[in-house]
Amino acid sequence: MKKKRSGSSRYFFFFIVLIVLIYGVYIGINSLFTKLDFFKIKSVMISGNENLETDFLKNICNDFINLNLYSISKRDVLKKYENIVRIDDIKVSRIFPNKLKIVISEKKGEFHFLTERGNIFPIDKNRVVLDNVNFYENEALPVIGTRIADADIIIGQKIQNDLIEKVFVLREKFDSVNPDFISSISEFYLKGENLIFVNSNVGYRIVFGDDEIEEKLKKLIFLEQNRTFEKGTTIDLRFKDPLVIRSEEI
């Protein structure tokens, strides 16, 4: 006796056929789009960049001009920019019928650090060393006097240093009181075991010590609002009472 095909198996067969047809149509349309001259790229739009020059970024992808818009993938774009350390992420989109849009996200410097030989490099929030070929106007960053050996520095790689980590941790504490405080500091350096902060406007020095950082910053803000300090003065906040103001370094 011949077994009849069930209704569910017929539906499954038709479903598979439908999927194959849809896929075939997609392949056909995609193949057509990638061959039509109508979709040849006429211009590349760059946006999102802050420090990197737009013309520089455009010139890198000039090879895309006159290529078919639908033949360019994100991977093709990423390859063009993969050696630029300052680029954090790239978003690629097509603007019908013949424009390629590239949105750049940059790594931004958080601090500069000073090396053993006196060279200065910026680092981002993830402690990645950025190139120092150009120092950008909107990156007037405080300098951390690390004395890291130049041979240990690799552009685009993370740097590990106890002083850098300490400054990042302290910044988080300062931010809870006054997010603008760090921007008023030009330099951090060690004097013995003490971390010295140098005010960028006047040039006086500040010593916080290791504990009650938030309360000490509040005290410093109150002092700055009610009196002036001369260049070279040291405000020593290591002790609860009394406040020590010195005319020389500790």
Would you be so kind as to tabulate the donor-acceptor pairs closer than 3.5 Å made by side chains of residues 87-95, with sequence neighbours excluded?
residue, atom, partner, partner atom, Å
R94, NE, L69, O, 3.0
R94, NH2, I72, O, 2.9

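- Note on I206 and V169: separate hydrophobic clusters, where clusters join Ile, Leu, Val, Met, Phe, Trp and Tyr whose side-chain heavy atoms are under 4.5 Å apart, directly or indirectly.
- V244 and I213 fall into different hydrophobic clusters, defined by Ile, Leu, Val, Met, Phe, Trp and Tyr side-chain heavy atoms under 4.5 Å apart, directly or through other members.
- Atom NZ of K108 has 12 or fewer neighbouring heavy atoms from other residues, nucleotides or ligands inside a 6.0 Å radius.
- With contacts defined as side-chain heavy-atom distances shorter than 4.5 Å, the pair K166/F188 does not qualify.
- In this structure, CG on D76 lies 11.5 Å from SG on C61, to the nearest 0.5 angstrom.
- In this structure, T115 contributes its side chain and A149 its backbone to no donor-acceptor pair below 3.5 Å.
- Atom CG of D210 is separated from atom CD of E193 by 9.0 Å, given to the nearest 0.5 angstrom.
- Of the inter-residue distances, the one linking R147 atom CZ with E116 atom CD reads 6.0 Å to the nearest 0.5 angstrom.
- A 4.5 Å side-chain heavy-atom check between V177 and I221 finds at least one atom pair inside the cut-off.
- Within 6.0 Å of NZ in K219 there are more than 12 heavy atoms belonging to other residues, nucleotides or ligands.
- Salt bridge absent: K79 and E82 never bring a charged side-chain N and a carboxylate O closer than 4.0 Å.
- Linking ILVMFWY residues whenever their side-chain heavy atoms come closer than 4.5 Å, directly or via other members, leaves M45 and F56 in distinct clusters.
- A 6.0 Å sphere centred on CZ of F222 holds no more than 12 heavy atoms belonging to other residues, nucleotides or ligands.
- The main-chain N or O of I46 is never found under 3.5 Å from a side-chain atom of K58 such that the two would form a donor-acceptor pair.
- The shortest heavy-atom contact between E110 and K125 is CG-N, 3.3 Å.
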Residues L220, F181; criterion side-chain contact (heavy atoms from CB on, under 4.5 Å); working and verdict: CA-CA 10 Å; L220 175 66; F181 173 69; 3.7 Å; yes
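- Within the 3.5 Å criterion, the main-chain N or O of E50 finds a donor-acceptor partner in the side chain of E106.
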Any chance you could lay out the side chain to side chain donor-acceptor pair (under 3.5 Å) test for N132 and N119, step after step, and finish with the verdict? CA-CA 9 Å; N132 63 349; N119 293 313; 5.7 Å; no
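- Both tests do not hold together for K173 against F208: distance to the six-membered ring centre under 6.0 Å, angle to the ring axis within 45°.
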Could you tabulate the donor-acceptor pairs under 3.5 Å formed by side-chain atoms of residues 96-104, not counting sequence neighbours?
none

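- Two residues are said to be in side-chain contact when any heavy atoms from C-beta on lie closer than 4.5 Å; T228 and Y204 fail this criterion.
- With 3.5 Å as the limit, one finds no donor-acceptor pair spanning the side chains of N201 and S184.
- One finds the NZ atom of K216 at 9.0 Å from the CZ atom of F239 (value rounded to the nearest 0.5 Å).
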Just distance, no hydrogens or angles: give the donor-acceptor pairs under 3.5 Å from side chains in residues 151-162, sequence neighbours left out.
residue, atom, partner, partner atom, Å
N161, OD1, L163, N, 3.0
N161, OD1, I164, N, 3.0

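- Shown here is E165, whose CD atom has more than 12 heavy atoms of other residues, nucleotides or ligands within 6.0 Å.
- A side-chain donor-acceptor contact under 3.5 Å links D236 to the backbone of R238.
- Inter-residue side-chain proximity for L170 and F197 is flagged as met; some heavy-atom pair is nearer than 4.5 Å.
- Side chain of R205 to main chain of N199: no donor-acceptor pair is present (N/O by atom type, distance under 3.5 Å, no hydrogens or angles).
- The CG atom of N68 lies 7.5 Å from the CZ atom of F39; values are rounded to the nearest 0.5 Å.
- With values rounded to the nearest 0.5 angstrom, F113 atom CZ is found 12.0 Å from L141 atom CG.
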